[in-house]
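Note that ligands are numbered from 1 as they come in the structure, with each ligand's atoms numbered from 1 the same way.
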Amino acid sequence: MVHVATEKASVAVPRQLQLGGHVGFDTLPDQLVNKSVQNGFSFNIMCIGETALGKSTLMDTLFNTSFGSAPSTHNLPNVKLKAHTYELQESNVRLKLTICDTIGYGDQVNKEDSYKALVEYVDSQFESYLQEELKIQRSMATAHDGRVHVCLYFICPTGHGLKSMDLVCMKQLDNKVNIIPVIAKADTISKSELAGFKARILAELRENKVNIYEFPTDDETVSETNESMNSHVPFAVVGSTEFVKIGSKMVRARQYPWGTVQIENEVHCDFVKLREMLIRTNMEDLREQTHTRHYELFRQRRLQQMGFVDVDCNNKPVSFQQTFETKRTNHLACLQAKEEEVRQMFVQRVKQKENELKESEKELHTKFECLKREHLEEKARLEETRRLLEEECQELQRRKQQLSNGSSHLSTLTLGRGKKK
Ligand SMILES: Nc1nc2c(ncn2[C@@H]2O[C@H](COP(=O)(O)OP(=O)(O)O)[C@@H](O)[C@H]2O)c(=O)[nH]1
Ligand SMILES: [Mg+2]
């Protein structure tokens, strides 16, 4: 007993030992980095926003490339999602980037269901991942992971506040995806209006209990930057595909008759802050949060829906196999009950049909009897008529005979009288 207790204690608190020299497992982090770099990374962005709010332009600006997306029309009958995947490489790091664009969002007269297609898309990506996880032969490393890591929600630069469609959509998505709201086309809002606009947006999100993604402050290497950046959300962004020469450098900018907006100038807009937070500092956290928070929630809900539980009603742990066995037994019992029910129904139907047949046989029999009787009566009647007719015929014959006998006697009498003359 004492021996077991000591063993248990040694498992709970491992002994600390000094190494006599260099062993080499301090290279584990490097091994991990090398492996990740070899495998490459994937990142999936969903851009939600009304048509022509500058979503495609901002994506081109963020990744400093041209994704070549065609402008969409304003007259689609419903919201559609289009996902395109691109392979990008920077130094020796390969990134498989999927951009999921919302086509026709906010273009319908009735905007009540605008969010549905988006929720369905996010859920369907989680579902594909779950199905891959549940396979016997899994290929998690090679299968395409389409789970949405971040949702950039483009807010219309009205200067007033959020539209009800924005709040409904963000509320529907906030426990499924990391939402980063951005104020689109921020060059259309004056500097003095912007602070008030940002404050109103945040207040409306708070009032409606919409949870947006917060840059993590638990990692001390980035906690300071992230904390200060959290106070700039929603970022007021400007995108452009044009380059303008400023000094000796060509920079992304938008030119107006009264001046030039430099996209990467932090005085002009928050684009650099967004790029810093989204790509350079928190891309891995967004991926991790998607897996550990949002996907985990989806997985829990789906497995519970399928009938799996961790503990039974007595709070005792239940294994996957036990649940499966119970479900199998229940399913078989259910099948048996159904089979019995069908059998009973069949017997009932056969009996009913039998009764029906018997009934109609009886009916036919009665009908037959009745017809037979009628036939016999008719026959008897006809017999009687025949007999009467025959008697009449005989009578006629007899009379005819009599008549012929009478006429021959008369002629004999006439003849005799003649001879006498
Ligand atoms: N003023 C302004 N116009 C922009 C900005 N970003 C894009 N645009 C313009 O808005 C129009 C629609 O942009 P696009 O990226 O196709 O919008 P999408 O439909 O949301 O993808 C284009 O003419 C862009 O040049 C911006 O930040 N400010
Ligand atoms: Mg577009």
Identity and distance of the protein heavy atom lying nearest [atom]:
| atom | result |
| --- | --- |
| atom 12 (C) of ligand 1 | A52 CA, 3.7 Å |
| atom 15 (O) of ligand 1 | T57 OG1, 2.5 Å |
| atom 26 (C) of ligand 1 | K185 CG, 3.5 Å |
| atom 1 (N) of ligand 1 | D187 OD2, 2.9 Å |
| atom 17 (O) of ligand 1 | G54 N, 3.1 Å |

Short list, please: which atoms of ligand 1 are under 4.0 Å from a heavy atom of [X]?
| X | answer |
| --- | --- |
| V238 | 27 (O) |
| G239 | 5 (C), 6 (N), 26 (C), 27 (O) |
| S56 | 15 (O), 21 (O) |

May I ask you to decide if the ring planes of Y86 and F67 are parallel, tilted or perpendicular, using 30° and 60° as cut-offs?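 Y86 vs F67 ring planes: tilted.
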
Would you say CD of E361 has more than 12 non-hydrogen atoms from neighbouring residues, nucleotides or ligands within 6.0 angstrom?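 12 or below, so no.
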
Can you tell which of K55, E50, E242, R254 gets a heavy atom nearest to atom 8 (N) of ligand 1?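 Of the listed residues, R254 has the closest heavy atom.
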
Under 3.5 Å, is there a donor-acceptor pair linking the side chains of N64 and R252?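 Checked: N64/R252 side chains pair up, N/O donor to acceptor below 3.5 Å.
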
Show all protein N/O/S atoms under 2.8 Å from the Mg ion (ligand 2), or state that there are none.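 Hits for the Mg ion (ligand 2) below 2.8 Å: S56 OG.
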
Could you check whether atom 23 (O) of ligand 1 has a protein contact, counting only heavy atoms that fall below 4.0 angstrom?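 No; the ligand atom in question lacks any protein heavy-atom contact below 4.0 Å.
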
Hey, is Y105 touching ligand 1 through its side chain, its backbone, both or neither, going by heavy atoms under 4.0 Å?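 For Y105, there is no contact with ligand 1 at all, from either part.
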
Is it the case that the ring center of F41 lies less than 6.0 angstrom away from the ring center of F43?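 No; F41 has its ring centre 6.0 Å or more from that of F43.
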
